Amino acid sequence: MLELFSTVYEVFMRTYPGFLRATVVTLQLTAIGVVLGTVIGLVFALMKISGSKILQGIANIYITVIRGTPLIVQIMFLYFGIVEIYTMDNFWAGAIALGVHNGAYIAEIFRGAIQGVDPGQREASMSLGMNRKQTMQRIVFPQALRRSIPPLGNQFIITLKDSSLVYIIGVGEIFSLANREAAQSFQPFESFLVVALYYLVLVMIFTYLLRWYENKLDVDKA
Amino acid sequence: MIIGENIHKSFGDLEVLKGVDLHVKPQEVVVLVGVSGSGKSTLLRCFNFLEMINSGKITIDGHTIDPKKENLSKIRAEVGMVFQHFNLFPHKTVLENVIEAPITVKKMKKEEAKKLGMNLLRKVGLEDKADVYPSKLSGGQKQRVAIARSLAMEPKVMLFDEPTSALDPELVGEVLQVMKQLAEEGMTMVVVTHEMKFAKEVADRVIMIDQGTIIESADPKTFFENPQSERTKQFIQLVE
């Protein structure tokens, strides 16, 4: 037991400069995946509630295809598929794949949050003479945004962990580093244990920040 | 002020309003009563175009409204509505609730709107709650804010859809008091309520709706003491 602890410690101390650099890459992938996913998600959520059959159809196809196929396939498809038309950095291919993937899930989060706002809110707003656009902008969206923060936070954490899958196209984030370290040092157990700890700490920090933000919003409202 | 002629409204196969005629005169207070499902709330919602009538004619302040052609937002701004469940905006403070529509719809300056808002909150006795969020208010206070919010648009007529039905009994009085004060100031009001005491004291006319038609319409004294229809007699016995 003590021996295991000391070898893990040894691997940790030897690898941390590389892991810290790779952590930056992981966080960049996550940030781009989240921001891009939020933008795409918002667009598709609006399409789904637009009332236009064509826009709804497009959004449904997108959401069904993305949610119905594995992320790793989407990463490979985007990387090798797009390279045919446009030479793309593997980092950007991975980040965009994460964003496109997230977009489908976030679209459903936003749609649920918008439709979850009490219909009485819309009625009250309309009865005051506000038109559909004003009602959405001033009354429905601010409330929907609040409601979508907990599930969005959950999705952010999933994205952080999912970013490990882009190792398959050779992006130098923390999982690919652990993978390489495991092969080179013949210490796979220690290497993957160390990378698991990195993910765990990052997720805990994220979770803490999200909880703090949710509490802050509630205090503001109360 | 509001004239409804031969109003029909169906939800799917269910015909809720079967040719209702109602003429509300300026400054008149009309109380609509009836058992639940009789169509009284639906009638109120038709007057505000939250529900679209299937056939018939609605005239507001001398202006017959064609829902397909008109800007309904503009018409709704002239017809205030108070809901059973208040429907205050939870993400806005009490004062922000009141001044939202004057600023967004009427493009009123914020300072001016705030002054108007504070005056209205004073009127409903809640000026000290201007900066709190609705979640901190009692049901009675919420409903008084909702009334102030409606009044901020200076409507020509106010519709009340069971304004006290969701309230604890001890909070009903404060809301009815505000409504009574409004009536005394000459506001035209159409009120759906189960508060018979309010009907007797404040209404100019009490109307009984049953199965989608008006079966009794009279001043409160006649309505309660000498009702014509059997159904009205039964109803009065039931609620008193």
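So that the names make sense, note that chain A is the first sequence line, chain B the second, and so on, each numbered from 1. Since this is a predicted model, take the numbers as computed values, not measurements.
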Colleague: Just so I know, are the side chains of P90(B) and R146(A) near enough to count as touching, which here means a heavy-atom distance under 4.5 Å?
Modeller: no
Colleague: In this structure, are over 12 heavy atoms from other groups packed under 6.0 Å from L14(B) atom CG?
Modeller: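 Yes, because the 6.0 Å sphere around CG of L14(B) holds more than 12 heavy atoms from other groups.
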Colleague: Using heavy-atom distances under 4.5 Å, tell me whether L88(B) contacts chain A through its side chain, its backbone, both, or neither.
Modeller: backbone
Colleague: Do side-chain atoms of Q143(A) reach the backbone of F89(B) as a donor and acceptor pair under 3.5 angstrom?
Modeller: no
Colleague: Counting heavy-atom pairs closer than 4.5 Å to chain B, which one of A124(A), S125(A), G129(A), P142(A) comes out on top?
Modeller: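 Top option by heavy-atom pairs under 4.5 Å: G129(A).
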Colleague: At a 4.5 Å cut-off on heavy atoms, which part of T135(A) comes close to chain B: side chain, backbone, both, or neither?
Modeller: neither
Colleague: Are R76(B) and M130(A) close enough that some pair of their side-chain heavy atoms sits under 4.5 Å apart?
Modeller: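 When only atoms from C-beta onward are counted, M130(A) and R76(B) do not touch, as no gap falls below 4.5 Å.
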Colleague: Any idea which of M81(B), E100(B), H85(B), R45(B) has the most non-hydrogen atom pairs under 4.5 angstrom with chain A?
Modeller: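 Heavy-atom pair counts peak at E100(B).
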Colleague: At what distance, to the nearest 0.5 angstrom, does OG of S73(B) lie from CD of Q134(A)?
Modeller: 7.0 Å
Colleague: Going through the distances and angles, do R138(A) and K92(B) end up as a side-chain contact (heavy atoms from CB on, under 4.5 Å)?
Modeller: CA-CA 10 Å; R138(A) 309 275 311 164; K92(B) 293 181 182 292; 3.7 Å; yes
Colleague: Is M52(B) atom CE crowded by more than 12 heavy atoms from other residues, nucleotides or ligands, each under 6.0 Å away?
Modeller: yes
Colleague: What part of D118(A) gets closer than 4.5 Å to chain B, counting heavy atoms only: side chain, backbone, both or neither?
Modeller: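 The answer is the side chain of D118(A).
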Colleague: Kindly check if the number of other-residue, nucleotide or ligand heavy atoms within 6.0 Å of CZ (F11(B)) is above 12?
Modeller: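 Yes, the 6.0 Å shell around CZ holds more than 12 heavy atoms from other groups.
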Colleague: Might you work through the side-chain contact (heavy atoms from CB on, under 4.5 Å) test for L50(B) and M126(A), ending with a clear yes or no?
Modeller: CA-CA 8 Å; L50(B) 287 174; M126(A) 304 283 261; 4.2 Å; yes
Colleague: With a 4.5 Å limit on heavy-atom distance, are the side chains of L128(A) and R149(B) in contact?
Modeller: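 Yes, their side chains come closer than 4.5 Å.
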Colleague: Is the CZ atom of R132(A) crowded by more than 12 outside heavy atoms at less than 6.0 Å?
Modeller: no
Colleague: Has the side chain of N87(B) got a donor or acceptor atom that lies under 3.5 Å from a matching backbone atom of G120(A)?
Modeller: yes
